[in-house]
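Notes for the one structure printed next.
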Amino acid sequence: MKPSTFLAVGLASLPQAIAWGGFGHITVAYIASDFVLPETASYFQTLLRNDSSSYLAGVATWADSIRYTKWGHFTGIFHFIDAKDSPPSSCTVDFERDCKEEGCVVTAIANYTSRLLDPGLPAWERAQAAKFVVHFVGDIHQPLHTEDVARGGNGISVRFDGTQLNLHHVWDSSIAEKIVGGVRRAPYAEARRWADELSQGIRTGKFEALRGEWLDGVRLEESQEMALAWAREGNAFVCSHVLPEGPEAIVGQELGGKYFDAAAPVIELQVAKAGYRLAAWLDLVAKSIAESESDFGHDL
Ligand SMILES: *[C@@H]1O[C@H](CO)[C@@H](O)[C@H](O)[C@H]1NC(C)=O
Ligand SMILES: *[C@@H]1O[C@H](CO)[C@@H](O)[C@H](O)[C@H]1NC(C)=O
């Protein structure tokens, strides 16, 4: 697919639905704010200058809002990693092969985490880093943000409940929106409601037994390896659920029925996991900053 066509698709889908349709990103952020420690919440409320309970949700789509601006253009490639694998027979993310020299979502999570931890940067730059981290942890859990085929499915035309859409959009937005029965205009209230449900699932429901292993390998010192493992996990769904019969077979298909039934649990799982992991990650960041500040105090 020509880059110009890809750009046109990206721009055309901008106002309505941005990566994870905005809705997915905001839900991930609300779930994270349900699980962070109180001291983490107050650290980020201060940094982001928002003392409401929407301090993370309110910045969750910022990275999408700047990626098509002249200033933010360089960040476009940070939203994904294009795995050059061959679904459905073989799925994997290979860092050397798939991460562009200028970066990808894996290096972006590592880079903006280390900037968040850098006391030498002014607060506005650390706040910006926080906004990127909140967003990219969401992106890396969307299977088609870890796949090269047709630009992460942007070039594959399908139908969803009768509407012609591209496959990337279906996984960013349509499936999640259908799960909750449709999302209109400002998605904050709907996202908050969906987050309530998923957070409940994490606390005492269907995700409770899984949430421990979701945090395996979550270590500040290994942010890039951790992000790569997350990317591989999402990418595995490209073979099992996104393109189970390959890229050609899905063209023009109606995905609102059986396909949706199989995909919806994957979206729920990935959104819940992204939110829970983001909470753990922000806890580690806030703890590390608090510790280095108190060490500094002692030295003086
Ligand atoms: C905090 O963020 C929410 C969501 O964007 C917004 O509605 C609210 O006005 C913000 N509050 C402050 C104090 O900025
Ligand atoms: C890290 O982030 C800064 C600030 O946005 C950017 O200038 C730099 O290119 C990034 N580095 C990498 C390796 O992504």
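Because only heavy atoms are used, hydrogens play no part in the values below, and waters and symmetry mates are left out as well, while side chains stay in. Counting starts at 1 for both ligands and their atoms, following the listed order. In this chain, residues are counted from 1 in sequence order.
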Non-hydrogen protein atom less than 4.0 angstrom from atom 14 (O) of ligand 1: yes
SB check Arg219 Glu221 (cutoff 4.0 Å): yes
Minimum-distance protein heavy atom relative to atom 7 (O) of ligand 2: Phe74 CE1, 4.2 Å
Suppose I only count heavy atoms of Phe78 and a 4.0 Å limit; which atoms of ligand 2 are within that range? 14 (O)
Over 60° means perpendicular and under 30° means parallel, so tell me whether Trp281 and Trp230 are parallel, tilted or perpendicular. perpendicular
Considering all heavy atoms, the nearest Leu144-Gly153 contact: CD2-N, 4.2 Å
Protein heavy atom at shortest distance from atom 5 (O) of ligand 2: Tyr112 OH, 2.6 Å
Can you tell me if Ala57 has a non-hydrogen atom under 4.0 Å from ligand 1? no
Considering only protein heavy atoms, which is closest to atom 8 (C) of ligand 2, and at what distance to one decimal place? Asn111 ND2, 3.8 Å
Taking both backbone and side-chain atoms of Asn50, is any N or O found less than 3.5 Å from an N or O belonging to ligand 1? yes
In ligand 1, which numbered atoms sit nearer than 4.0 Å to a non-hydrogen atom of Gly58? 4 (C), 5 (O)
Give a yes or no on whether a salt bridge exists between Arg115 and Asp118, defined as a side-chain N under 4.0 angstrom from a carboxylate O. no
On a heavy-atom basis, which atom in Ala129 and which in Leu116 lie closest, and how many Å separate them? CB-N, 3.9 Å
Would His79 and Phe136 count as a ring-ring contact (aromatic ring centres under 6.0 Å, His included) here? Give the steps. CA-CA 6 Å; His79 293 249; Phe136 295 146; 5.0 Å; yes
Please indicate, with yes or no, if any protein heavy atom is found under 4.0 Å from atom 2 (O) of ligand 2? yes
Counting heavy atoms only, which of Gln128, Arg115, Glu125 is nearest atom 4 (C) of ligand 2? Arg115
Counting distance only, does the side-chain N/O of Lys178 pair as donor-acceptor with the main-chain N or O of Gly256 below 3.5 Å? yes
